[in-house]
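Scope of the values below: all heavy atoms of this structure, side chains included, with no hydrogens, waters or symmetry mates.
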Amino acid sequence: MPTRAELRRMRRIDRWMEIILSRVVRRVVNGEVSQPDWLPRRWLTLVSGDVDREAGVGAVWFVWRPGSAKAETHTALFERCGEKWQYTGGGSASGGDLLAERLAVGQPGQVGMIELGGGAGGLSHACRLQHRDPDFIGTVPWVGSNELQVAAEVHHLLLGDRRIEVPRHGRLIVVWKSPSTGRGGIRPLIVAVGRDGSELSRLGPPDSIDSYTWAELSGRTE
């Protein structure tokens with residue numbers, strides 16, 4: 001049973017989802033991922049946003065009251081349902097300190113080239129609206145997102161066949177769509193690419209640690 005404080009927090013989240021999220025989603029869909037001028041950063045910071053137009057899915061990452069004792073991290077998934085983009089779910093957690101600049105690999109707080117954070121996901125809402133037959137539920141695809149922190153050496157990421165630019169602070173959310181396994185989805189391969197176009201590291205679909213970190217760990221044990 002949720003406490004009164006938890007219920008207040010849930011109601012607050014619902015309110016800002018109704019008021020703020022739709023405006024932010026429109027910006028992200030249009031390629032504007034920077035902090036909106038009308039949204040005070042000290043109150044709610046837009047960390048990152050990602051859209052896969054071909055798949056019709058997107059995600060945004062916010063931090064509520066960043067740097068304060070009441071800081072909270074929120075992620076939201078949205079899908080294209082017909083001609084409109086609709087909020088379909090997400091997740092939240094306490095805390096949410098943000099770094100001003102990216103850290104070089106190997107520094108405290110940045111072990112690998114790609115650090116895997118939290119994630120959210122669920123069966124495609126748009127697909128379920130389109131196919132209401134109960135027998136179809138087993139073929140409904142999965143829509144997922146992951147929070148990442150990448151090292152200063154990384155110029156951009158490849159998520160499957162999509163190129164994703166890395167923001168100055170190095171934290172970003174990526175969204176993807178895949179067949180459902182019955183327990184979730186299959187995250188695409190993530191490749192970290194350097195400024196010279198070389199591959200620096202990769203994170204496979206089932207992996208939680210990138211290949212750079214594994215190589216460093218293996219070298220230390222030899």
Side-chain angles (χ1 to χ4, degrees), residues 28-29 31-35 45-55 57-63 66-67 73-77 90-91 93 95-121 142-179 181 184-222:
V28 173
V29 169
E32 302 177 55
V33 189
S34 59
Q35 181 79 12
T45 295
L46 173 61
V47 180
S48 173
D50 182 35
V51 176
D52 184 340
R53 291 177 176 274
E54 185 175 340
V57 296
V60 289
W61 177 2
F62 293 103
V63 174
T73 296
H74 298 278
T75 58
L77 292 170
D97 292 335
L98 297 176
L99 299 175
E101 299 288 343
R102 274 196 275 174
L103 299 172
V105 68
Q107 290 188 358
Q110 187 68 52
V111 178
M113 291 289 180
I114 311 170
E115 297 285 332
L116 181 64
W142 186 269
V143 178
S145 68
N146 291 100
E147 302 157 29
L148 306 175
Q149 179 177 312
V150 301
E153 291 84 352
V154 180
H155 181 259
H156 65 272
L157 298 177
L158 296 177
L159 179 72
D161 58 0
R162 283 202 301 130
R163 171 172 170 150
I164 299 178
E165 302 301 326
V166 178
R168 179 174 56 84
H169 49 69
R171 295 194 177 188
L172 67 158
I173 192 168
V174 294
V175 68
W176 44 273
K177 188 176 184 180
S178 82
T181 65
I186 304 170
R187 187 187 66 227
L189 171 68
I190 302 174
V191 177
V193 182
R195 289 170 179 79
D196 61 355
S198 62
E199 179 179 321
L200 301 177
S201 185
R202 59 175 49 204
L203 189 69
D207 298 336
S208 57
I209 299 177
D210 69 334
S211 60
Y212 174 90
T213 304
W214 277 121
E216 286 293 298
L217 293 173
S218 299
R220 292 175 186 175
T221 59
E222 290 178 355

Do the non-hydrogen side-chain atoms of [X] and [Y] ever get within less than 4.5 Å of each other?
{"X": "Leu200", "Y": "Ser198", "value": "yes"}
{"X": "Met113", "Y": "Val105", "value": "yes"}
{"X": "Glu101", "Y": "Arg168", "value": "yes"}
{"X": "Arg187", "Y": "Leu116", "value": "yes"}

Handout entry: Partners meeting side-chain hydrogen bond (donor to acceptor under 3.5 Å, both in side chains) with Gln35 (sequence neighbours left out)
Key = none
Nearest heavy-atom pair of [X] and [Y]: which atoms, and what distance?
{"X": "Ala192", "Y": "Leu157", "result": "CA-CD2, 3.8 Å"}
{"X": "Gly185", "Y": "Ser178", "result": "CA-OG, 3.4 Å"}
{"X": "Thr75", "Y": "Ala120", "result": "OG1-CB, 4.2 Å"}
{"X": "Pro66", "Y": "Thr45", "result": "CG-OG1, 3.3 Å"}
{"X": "Ser211", "Y": "Ser201", "result": "OG-OG, 3.2 Å"}
{"X": "Pro205", "Y": "Pro188", "result": "CG-C, 4.4 Å"}

Practice task
Look at the side chain of Arg162 and the backbone N and O of Val51, then say whether any donor-acceptor pair between them is shorter than 3.5 Å.
Solution key: yes
Handout entry: N/O donor-acceptor pair under 3.5 Å between Asp210 side chain and Ile114 backbone
Key = yes
Distance-only donor-acceptor hits, side chain of residues 169-177, under 3.5 Å, sequence neighbours excluded:
unit_1: His169; atom_1: ND1; unit_2: Arg171; atom_2: N; d: 3.1
unit_1: His169; atom_1: ND1; unit_2: Arg171; atom_2: O; d: 3.4
unit_1: His169; atom_1: NE2; unit_2: Val47; atom_2: O; d: 3.2
unit_1: Arg171; atom_1: NE; unit_2: Gln149; atom_2: OE1; d: 3.1
unit_1: Arg171; atom_1: NH1; unit_2: Asp97; atom_2: O; d: 2.9
unit_1: Arg171; atom_1: NH2; unit_2: Gln149; atom_2: OE1; d: 3.1
unit_1: Trp176; atom_1: NE1; unit_2: Asn146; atom_2: OD1; d: 2.9
unit_1: Lys177; atom_1: NZ; unit_2: Ala55; atom_2: O; d: 3.3

Exercise for the section: Determine whether more than 12 heavy atoms belonging to other residues, nucleotides or ligands lie under 6.0 Å from atom CD of Glu165. Expected result: yes
Exercise for the section: Flag yes if more than 12 heavy atoms outside Asp161 fall under 6.0 Å of its CG atom; otherwise flag no. Expected result: no
Fill in the blank from the handout: The reported gap from OG1 in Thr73 to CD in Glu147 (rounded to nearest 0.5 angstrom) is 6.5 Å
Practice task
With rounding to the nearest 0.5 Å, note down the distance linking OG1 in Thr213 to CD in Glu115.
Solution key: 6.0 Å
Practice task
Among Asp207, Leu148, Leu158, find the one that has a side chain to side chain contact (heavy atoms under 4.5 Å, CB included) with Ile190.
Solution key: Leu148
